[in-house]
2 protein chains.
Amino acid sequence: MPTADTRDRLTAAALDTVRELGVTAVSARTVAGRAGINQGLVFYHFGSVDNLMAEACRIETARRVAIYQDRFAVVSTLRELLDVGRQVHATERAEGNVTVLAQLLAASNGNPALRTATADALRLWTSQVEMVLRRVLGAGPLDGLLDPASLAHAVSAAFIGLELLDTIDSHAAEAALGELDRLGLIAEAIDNLGPVARRAVRAKLSHHVQTTVTSRVRSE
Amino acid sequence: MPTADTRDRLTAAALDTVRELGVTAVSARTVAGRAGINQGLVFYHFGSVDNLMAEACRIETARRVAIYQDRFAVVSTLRELLDVGRQVHATERAEGNVTVLAQLLAASNGNPALRTATADALRLWTSQVEMVLRRVLGAGPLDGLLDPASLAHAVSAAFIGLELLDTIDSHAAEAALGELDRLGLIAEAIDNLGPVARRAVRAKLSHHVQTTVTSRVRSE
DNA sequence: GTCTATAGCTGGATAGAC
DNA sequence: GTCTATCCAGCTATAGAC
């Protein structure tokens with residue numbers, strides 16, 4: 001099946017180009033050249049360079065998310081979530097895939113084809129995170145006070161920003177990630193407080209926060 | 001002084017282009033055309049398109065940060081910080097300046113001239129955030145357990161990611177921001193706990209977290 | 001300082017041979 | 001399906017008139 005092979009080589013070459021040179025360096029010529037394939041085939045197989053990028057984004061994200069699915073599935077505490085988060089960050093930074101997503105996200109501005117592809121890709125990540133958060137938060141004292149879906153969006157966005165920061169200042173990104181780690185430990189400590197303190201926190205929270213949650217949910 | 005006027009018109013037009021069409025749409029022709037100026041002047045005044053973008057980034061960021069400086073200066077509690085954060089997000093989304101920074105950050109990949117400019121620009125924001133965090137955290141029960149500089153990087157990165165997310169899914173970005181708001185309220189509630197609970201939290205935290213902080217600081 | 005004109009290049013996209 | 005050849009648009013950068 002030589003067709004599939006060519007398509008695969010093109011999507012792989014496109015991702016490599018984004019990783020190493022940034023999205024601005026992507027063109028039918030550079031990508032095809034890297035794949036050792038004629039430039040015209042980009043248009044034969046994908047119609048346009050944007051479509052090639054969109055397809056590559058979809059395929060790669062699905063593949064990466066699938067890799068972590070098993071690890072996400074066994075997370076049940078905040079600390080475990082942080083551990084997995086660190087693993088994902090480390091691996092993805094080495095492989096450069098979150099960077100790819102960040103690049104495509106930026107390039108999606110005023111590019112409808114890419115926009116929907118990156119939105120779909122990001123949703124793959126957030127839905128995974130959301131499932132984990134739902135499980136982790138459901139067991140803790142904050143159950144019902146936070147919205148897992150919204151929090152998942154926040155986490156994903158933070159990850160994207162971190163990966164972008166990493167490309168221009170890796171030291172700062174490393175420090176930031178360590179700090180998030182420490183925030184997680186603090187959250188965990190609060191999670192492990194005795195029942196008296198838990199009730200105190202909940203009492204303080206439930207009024208204002210609960211009303212915020214319900215009003216937001218109602219408006220959706 | 002007609003020179004400065006032309007330079008200003010070019011940097012302004014460059015930023016407008018990034019805002020409305022994304023960084024990929026920036027070229028000497030599009031920018032100069034928008035400014036109603038001849039294309040060659042980009043090279044006369046700035047030497048290259050990259051340099052124009054870098055300069056525009058520097059100028060604009062300095063201007064935006066200066067606008068919020070007064071507001072940052074009076075922040076002394078976590079809730080006030082969140083309020084200012086919301087204001088910044090709302091204003092910057094309307095004006096599109098954080099989006100510009102996010103775009104340039106992505107475009108900095110493999111572009112040394114832009115890279116240093118965006119790194120400088122981001123540092124302007126983080127140093128502001130750091131000052132505020134130092135003040136806010138110093139008054140709270142977490143004083144000494146968190147590193148304001150690292151946390152400032154994390155906050156800035158999260159903002160960048162949010163603004164990027166906003167361009168492809170504004171609903172998700174809004175939800176994420178609301179959730180961060182709620183996290184802030186929770187933190188504030190903990191901040192306002194009685195002295196007994198405070199001591200309990202600190203006791204839980206201080207061992208593990210403190211050692212993490214000191215080991216990190218020592219390694220720098 | 002600003003304009004016109006242009007050289008030289010790269011990129012998107014298509015036609016047609018194989 | 002893949003390649004060669006090609007057209008055309010748009011881009012960077014410079015030279016030279018004003």
Side-chain angles (χ1 to χ4, degrees), chain A residues 1-18 20-57 59 103-104 106-115 117, chain B residues 1-18 20-57 59 103-104 106-115 117:
Chain A
M1 201 186 293
T3 301
D5 189 45
T6 296
R7 288 178 63 97
D8 288 351
R9 284 167 70 187
L10 281 175
T11 50
L15 294 171
D16 285 344
T17 306
V18 175
E20 294 171 27
L21 304 172
V23 73
T24 54
V26 171
S27 76
R29 283 176 154 83
T30 57
V31 171
R34 184 184 283 257
I37 290 174
N38 185 270
Q39 164 259 149
L41 292 178
V42 168
F43 304 97
Y44 175 79
H45 284 289
F46 297 94
S48 72
V49 177
D50 285 343
N51 285 348
L52 164 60
M53 291 304 305
E55 182 92 354
C57 178
I59 294 172
Q103 289 278 318
L104 297 185
S108 294
N109 219 339
N111 190 332
L114 258 187
R115 212 191 76 101
Chain B
M1 200 187 292
T3 300
D5 189 48
T6 295
R7 289 178 63 98
D8 288 351
R9 283 167 72 186
L10 282 175
T11 51
L15 294 170
D16 286 345
T17 305
V18 175
E20 294 171 26
L21 304 171
V23 73
T24 55
V26 170
S27 76
R29 281 178 152 78
T30 56
V31 172
R34 185 183 283 257
I37 289 174
N38 186 269
Q39 163 260 150
L41 292 179
V42 168
F43 304 96
Y44 175 79
H45 285 289
F46 297 94
S48 72
V49 176
D50 286 342
N51 285 348
L52 165 60
M53 291 304 304
E55 183 91 356
C57 179
I59 293 171
Q103 290 279 316
L104 296 184
S108 294
N109 221 339
N111 190 331
L114 257 187
R115 212 191 76 99

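Throughout, a chain's letter reflects where its sequence line sits, starting with A, and its residues are numbered from 1.
Atom CG of A:Asn111 and atom CG of A:Leu104 lie 10.0 Å apart (nearest 0.5 Å). Atom-to-atom distance recorded for B:Gln103:CD and B:Leu15:CG is 12.0 Å, nearest 0.5 angstrom. One finds the CG atom of A:Asn38 at 11.0 Å from the OG1 atom of A:Thr6 (value rounded to the nearest 0.5 Å).
Here the side chain of A:Ser48 is nearest to one of C:dA13, C:dT2, D:dT14, namely C:dA13. Of the candidates D:dG1, C:dG12, C:dT2, the closest approach to any side-chain atom of A:Tyr44 belongs to D:dG1. Residue B:Phe43 has its side chain nearest to D:dT14 when only D:dT14, C:dT2, C:dC3 are considered.
Place A:Thr30 and A:Asn38 on DNA chain C by their nearest nucleotides, and A:Thr30 ends up nearer the 5' end.
Between B:Phe46 and B:Met53 the shortest side-chain heavy-atom distance does not fall below 4.5 Å. Using a 4.5 Å heavy-atom cutoff, the side chains of A:Arg34 and A:Leu21 are in contact.
Distance B:Arg34 CZ to D:dC11 P: 13 Å, rounded to the nearest Å. Separating the NE2 atom of B:His45 from the C1' atom of D:dT14 is a distance of 16 Å, rounded to the nearest angstrom. In this structure, CZ of A:Arg9 is placed 11 Å from C1' of D:dT2, rounded to the nearest angstrom. When rounded to the nearest whole Å, the span between CD1 of A:Ile37 and P of D:dG1 equals 13 Å. Between B:Leu41 atom CG and C:dT2 atom P the separation is 6 Å, expressed in whole Å. Put simply, CZ on B:Phe46 is 11 Å from P on C:dT2, counting in whole angstrom units. Going from atom CG of A:Asp5 over to atom C1' of D:dT2 covers 13 Å, rounded to whole Å. As a whole-Å value, the separation of A:Asn111 CG from C:dG12 C1' is 14 Å.
At the heavy-atom level, A:Val42 lies nowhere under 4.0 Å from the strands shown.
At least one side-chain nitrogen or oxygen of A:Thr6 sits closer than 4.0 Å to the OP1 or OP2 atom of D:dT2. Distances shorter than 4.0 Å separate some side-chain N or O of B:Ser27 from OP1 or OP2 on D:dC11.
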